[in-house]
Number of protein chains: 2
Amino acid sequence: MTQAGPTGDDLVEMLAALSNPLRLRIVAQLAAGRDYVSHLARVIGISRPLLHMHLRRLEAAGLIAGNLELSDDGKAMKYYQVTDFSLHLTASTLAEAAKTLTTPDPAEGPGR
Amino acid sequence: MTQAGPTGDDLVEMLAALSNPLRLRIVAQLAAGRDYVSHLARVIGISRPLLHMHLRRLEAAGLIAGNLELSDDGKAMKYYQVTDFSLHLTASTLAEAAKTLTTPDPAEGPGR
DNA sequence: ATCACGTGTAAGTGCGCTGTTACAGGTGCA
DNA sequence: TGCACCTGTAACAGCGCACTTACACGTGAT
């Protein structure tokens, strides 16, 4: 095995991105098919600036990916879609990921 | 299948509990064996009040469980241990969980 | 009594997340 | 020219999380 999951920091970022009801809805909606920002905002029922913020977080975590395209009538549309992520969370996989945390480890001792 | 994972709300709570470096360390440490609060705080290197807060969140999410015991010398010790959780996160499992979210769904329409 | 160990909680601070409103720019069409 | 779409970002308010310091209470040993 050794499966090499994400690093501890990346995992924390992914979990933080998913630990929000709205972002969970966004991922769920995109799982049904790619969509562009304005339409997605209408479907979910939130403002575009707000959706924009959440999309940034999800994309930064590597859970979704967006690319700008030009529609037939020349409009710039940004389409987002989910990436092929798969996380298995158990006590042991988390313990494995925790080894690669770069965040301040208080137990490391404050350097001297 | 149908595997019946946690509800959307529970899932969000679990992910929120795990999306923190310190709490990830706590789970990792407990995965190596049960421990009591004061000792755990010393091992990880944080204050007891802070650890106490994080333990509350982890326990509320159902990821760890604690029970008070009396040591041989009569001291009250609270031992914590990880529960047997197992979460598989993919776009489709998340979409499934999102269906059971009770948090305000803006798209539902404001009731009238 | 005082110390060393365990438990828990209340109060205060700093900061980041969430969400709003407002603005600025682009295209195609009447 | 004005409207209807699309995109993005800046500015601001509210709130909860993370963390510290301080306190209160219990035991057994010196």
Side-chain angles (χ1 to χ4, degrees), chain A residues 9 12-27 34-61 63-80 101 103-107 110, chain B residues 9 12-27 34-61 63-80 101 103-107 110:
Chain A
D9 296 340
V12 168
E13 189 174 10
M14 290 186 194
L15 296 179
L18 292 175
S19 66
N20 178 290
L22 235 54
R23 285 196 288 268
L24 207 55
R25 283 188 206 280
I26 294 172
V27 171
R34 62 203 294 270
D35 202 353
Y36 62 95
V37 183
S38 287
H39 183 249
L40 189 55
R42 262 175 271 134
V43 169
I44 298 185
I46 62 178
S47 66
R48 267 177 301 112
L50 180 57
L51 176 61
H52 191 260
M53 188 197 66
H54 287 306
L55 289 175
R56 276 179 62 87
R57 268 183 88 87
L58 286 170
E59 187 171 28
L63 298 170
I64 65 174
N67 65 313
L68 204 59
E69 301 180 10
L70 286 179
S71 66
D72 293 345
D73 57 344
K75 283 178 181 135
M77 323 272 283
K78 187 150 193 183
Y79 277 87
Y80 278 95
L101 280 175
T103 40
D105 184 347
Chain B
D9 296 341
V12 168
E13 189 174 11
M14 291 186 191
L15 296 179
L18 292 176
S19 66
N20 178 290
L22 236 53
R23 286 196 288 268
L24 207 56
R25 283 188 206 279
I26 294 172
V27 171
R34 62 203 294 269
D35 201 355
Y36 63 96
V37 184
S38 288
H39 183 250
L40 189 55
R42 261 175 271 134
V43 169
I44 299 186
I46 62 178
S47 66
R48 268 177 297 110
L50 181 57
L51 176 60
H52 191 260
M53 187 197 68
H54 287 307
L55 289 175
R56 276 180 61 86
R57 268 182 87 88
L58 286 170
E59 187 171 27
L63 299 169
I64 66 175
N67 64 315
L68 204 59
E69 301 179 12
L70 286 180
S71 66
D72 293 345
D73 57 345
K75 283 179 181 133
M77 324 272 283
K78 187 150 192 183
Y79 278 88
Y80 277 96
L101 280 175
T103 42
D105 184 347

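All chains are named by letter (A, B, ...) in the order of the sequence lines, taking the proteins before the strands, and each is independently numbered beginning at 1.
Dense packing is recorded around CZ of Arg42(B), with more than 12 heavy atoms of other residues, nucleotides or ligands lying under 6.0 Å away.
Note that NZ of Lys75(B) is 12.0 Å distant from CG of Leu70(B), once rounded to the nearest 0.5 Å. Atoms CD1 and CG, on Ile26(A) and Leu55(A) in that order, are 5.0 Å from each other to the nearest 0.5 Å. With rounding to the nearest 0.5 angstrom, the CE atom of Met53(A) is 8.5 Å from the CG atom of Leu22(A). Expressed to the nearest 0.5 Å, how far CD1 of Ile46(A) lies from CG of Leu51(A) amounts to 4.5 Å. Taken from CG in Leu15(B) to CE in Met14(A), the straight-line distance is 12.5 Å, to the nearest 0.5 Å.
The nearest whole Å value for the distance from the CE atom in Met77(A) to the C1' atom in dA4(D) is 13 Å. Rounding to whole angstrom units, CG of residue Asp35(A) and P of dC6(D) are separated by 10 Å. Atoms CG (Leu70(A)) and P (dT27(C)) sit 10 Å apart, rounded to a whole Å. Atom CG of Asp72(B) is separated from atom P of dG6(C) by 15 Å (rounded to the nearest Å). Rounded to an integer number of Å, the gap from NE2 of His39(A) to C1' of dA4(D) is 16 Å. In this structure, CD of Glu69(B) is placed 11 Å from P of dT7(C), rounded to the nearest angstrom. Rounded to an integer number of Å, the gap from CZ of Arg48(B) to P of dT7(C) is 7 Å. Between Leu68(B) atom CG and dT27(D) atom C1' there is a gap of 13 Å when expressed in whole angstrom units.
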Under 4.0 Å protein heavy-atom contacts per nucleotide of nucleotides 14-22 of chain C, with B for base, S for backbone only and - for none:
---SBBBBB

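Not one side-chain nitrogen or oxygen of Arg56(B) sits closer than 4.0 Å to the OP1 or OP2 atom of dC17(D). Regarding contacts with the backbone of dG8(C), a side-chain N or O of Lys78(B) is found under 4.0 angstrom from either OP1 or OP2. At dT7(C), none of the side-chain N or O atoms of His52(B) fall inside 4.0 Å of OP1 or OP2 (strictly under the cut-off).
Taking the nucleotide of DNA chain C with the nearest heavy atom to each of Tyr36(B) and Asp73(A), the more 5' of the two is matched to Tyr36(B).
Although no hydrogens or angles enter the test, the distance criterion places no donor-acceptor pair under 3.5 Å between the side chain of Arg34(B) and the main chain of Tyr79(B).
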